[in-house]
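Notes to accompany the following structure.
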Amino acid sequence: MINKALELGGWEEDRRLTGINGGTELTTGFGHHAVLGVAGQVIEAVKTGAIKHFFLVGGCDGARPGRNYYTEFVRKTPADTIVLTLACGKYRFNDLDLGEINGLPRLMDMGQCNDAYSAIRVATALAEAFGCGVNELPLTLVLSWYEQKAVSILLTLLSLGIKNIFLGPTLPAFISQNVLQVLAEKFQIRPVSTPDEDLKAVLG
Amino acid sequence: MMSNMFCFQCEQTAGGKGCVKTGVCGKTPAVANAQDELTGALVGLARAAENKKPSPRADELMMQGLFATITNVNFDESRIKELTALVREEKEKLGGAPDLPPGELWSGDPDTVSLRSTLLLGIRGMAAYAWHAYVLGKKDEELTAWFYKGMRAIGETHTVEEWLDLLMECGEMNLKCMALLDAANTSAFGHPVPTKVSTIIEKGPFIIVSGHDLHDLKQLLIQTEGKGVNVYTHGEMLPAHAYPELKKYPHFKRQFRYGLAKPTERVGRCTRRRTLHHQLPDAAQAFLCRPGLYHSGRRVPWPGPYPRPERREGFFPGD
């Protein structure tokens, strides 16, 4: 394979490829170690009101129309909110420059989908710091799913008792009406609607 | 219309209901049915292993077998059948037990099918993570044992409450599994540090790596060192740039665009309206290479010529 690559020689000039929104620079690496390393800074920013809310916008990407929901959602998040992300759903918005809050980037990529573990670690640590449960944090999960790894992560989040998850872009075909009703009653899980409506539902 | 197969495990399933003619992902009915049979055989293995100590080989096959049924991971009927035969061999070594007839996987009243399927798909997803951790030398006995428990449960009848409890247990196990993979990744490659990654691709030879497998990426980085070939990431490989033990290689740089490619912006000649990330056979471990598609250094497990003409030529960056 290496010889094949050498034989073919690649392109003759640099090529300016971009992200989905035209950006050419992505930042990654905000795993639990990095984020908890600046936990003091994050907690301070919440206490002073510089950070009003956290969103975790993550999950899988896919090809069906409707996934621009996630681009629009992130674009429309207010300047005093932080967007954590993970997995390949982030390609819908990870080339956007959302700026910073007190030196903290507003958009932090925590890694691959299995790094949902990092998100859980961070959420748990924040809840501890504020002496509350994860559901009482100013944190909303907006998830996109495509395949089965996302199913296992969703089950993990539910097993931790995490409520009010927004799930999209469509609900799984394998969730029957009755099962959906049970999940909605137990966990207040709901399908995404429009970025404006969902942001309003969360932030008021 | 006669149904040739049944699969509704991904978000893009036909009509939002289920693929019955052929898979939207490109999976043929033969592959889908072979995967159902493999799943039934894994239930058989789990039954045979009850109150016994399965061999490490059986554990491997449990994870591999489940992983092979995930969307876009394996399209090769002969490989799926080979795995099924190996699973049955291990089952016999444990004293044997009946497989779950594949027809029973997706049948029953809609709510039972829904709960059973959610559990099975959750177990499949978890198996991918367990396998990635295993490749890096991390295995957890409780987690491994739970795969057997979960797969036995797939072949049993339960009340709604029992199914819900099983789903929660699966979620708890998956947290353990993700923690294991986190430990595997961070002990092998260090803790990720915030890293900026450019999407501007340099001139000269390159290999694009997609998927999840950091271990495979590391092997490729070692083998390409000093050879004049750059290595770029694609899709879910982007976070690899943040790991100290991977980012230290000077020829490891840049992200090849994003997960999704619009038809007019493809790196390849593919014309189907699909995501690049998801249309790859074995997206979980695929190596993209011009002009071919390689899987862990070998050609992807796709039987014979690509079944769709537009896929025959693979991916040609630069076309």
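Below, read A as the first sequence line, B as the second, and so on, with proteins coming before strands; counting in each chain starts at 1.
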Count the heavy atoms belonging to other residues, nucleotides or ligands that lie under 6.0 Å from NZ of B/K253, then report whether that count exceeds 12.
yes
For residues 95-107 of chain A, pull every pair meeting side-chain hydrogen bond (donor to acceptor under 3.5 Å, both in side chains), keeping only residues two or more places apart or in separate chains.
A/N21-A/D95, A/T77-A/R106, A/T81-A/R106
The interface call for A/N178 against chain B, heavy-atom contacts under 4.5 Å, is both
Assert top hit (heavy-atom pairs under 4.5 Å, partner chain A, pool B/P192, B/P194, B/A242) equals B/P194
Which one wins on heavy-atom pair count under 4.5 Å against chain B: A/I153, A/L86, A/L158?
A/I153
If one checks every heavy atom of A/I120 against chain B at 4.5 Å, the contacting part turns out to be side chain
Under 4.5 Å heavy-atom distance to chain B, tell me which part of A/P169 shows up: side chain, backbone, both or neither.
both
Where on B/Q223 is there a heavy atom nearer than 4.5 Å to chain A: the side chain, the backbone, both, or neither?
both
How about B/R116 and B/W106: do any of their side-chain heavy atoms sit closer than 4.5 Å?
no
If one checks every heavy atom of A/E13 against chain B at 4.5 Å, the contacting part turns out to be backbone
Winner by heavy-atom pair count (cut-off under 4.5 Å) against chain B, out of A/V151, A/T28, A/L155, A/L6:
A/T28
Engaged part of A/L157 at the chain B interface, taking heavy atoms whose separation is under 4.5 Å
neither
Cut-off 4.5 Å, heavy atoms of chain A, and the answer for B/L120 is neither
Has A/K76 got more than 12 heavy atoms of other residues, nucleotides or ligands less than 6.0 Å from its NZ?
yes
Okay, A/Q112 and chain B: the region with an atom under 4.5 Å from a heavy atom over there is both
Under 4.5 Å, counting heavy-atom pairs only, tell me which of B/T118, B/T13, B/T186, B/V160 racks up the most with chain A.
B/T118
For B/V193, is it the side chain, the backbone, both, or neither that has a heavy atom closer than 4.5 Å to a heavy atom of chain A?
backbone
Knowing that exactly one of A/L141, A/I175, A/L154 qualifies, which makes a side chain to side chain contact (heavy atoms under 4.5 Å, CB included) with A/I189?
A/L154
Backbone N/O of A/Y117 and side chain of A/D115: donor-acceptor pair under 3.5 Å
no
Which answer fits A/V35, side chain, backbone, both or neither, if we ask what part of it has an atom under 4.5 Å from a heavy atom of chain B?
neither
Part of B/L214 within contact of chain A (heavy atom distance under 4.5 Å):
side chain
With a 4.5 angstrom heavy-atom cut-off, could you sort out which part of B/L181 is near chain A: side chain, backbone, both or neither?
side chain
Side chain, backbone, both or neither: which part of B/N230 has a non-hydrogen atom closer than 4.5 Å to chain A?
neither
Would you please say whether a donor-acceptor pair under 3.5 Å links the side chains of B/E172 and A/S159?
no
Name the region of B/K227, side chain, backbone, both or neither, that has any atom closer than 4.5 Å to a heavy atom of chain A.
both
Between A/D109 and A/K90, is there a side-chain N and carboxylate O pair less than 4.0 Å apart?
yes
Is it the backbone or the side chain of B/Y129 that comes under 4.5 Å from a heavy atom of chain A, or both, or neither?
side chain
Highest number of heavy-atom pairs under 4.5 Å with chain A among B/P110, B/G16, B/A179 belongs to B/A179
Taking the side chain from A/N94 and the backbone from A/L26, do they hold a donor-acceptor pair closer than 3.5 Å?
no
Most contact-rich option vs chain B, by heavy-atom pairs under 4.5 angstrom, among A/A150, A/C113, A/G23, is A/C113
Where do A/Y70 and A/W145 land on the ring-ring contact (aromatic ring centres under 6.0 Å, His included) test, with the steps shown first?
CA-CA 12 Å; A/Y70 298 95; A/W145 84 282; over 10 Å; no
Angle between ring planes, A/H32 versus B/H191, binned at 30° and 60°: parallel, tilted or perpendicular?
perpendicular
N/O donor-acceptor pair under 3.5 Å between A/S118 side chain and A/G31 backbone:
no
Distance-only, no hydrogens or angles: does the B/T69 side chain make a donor-acceptor pair with backbone N or O of B/L66 under 3.5 Å?
yes
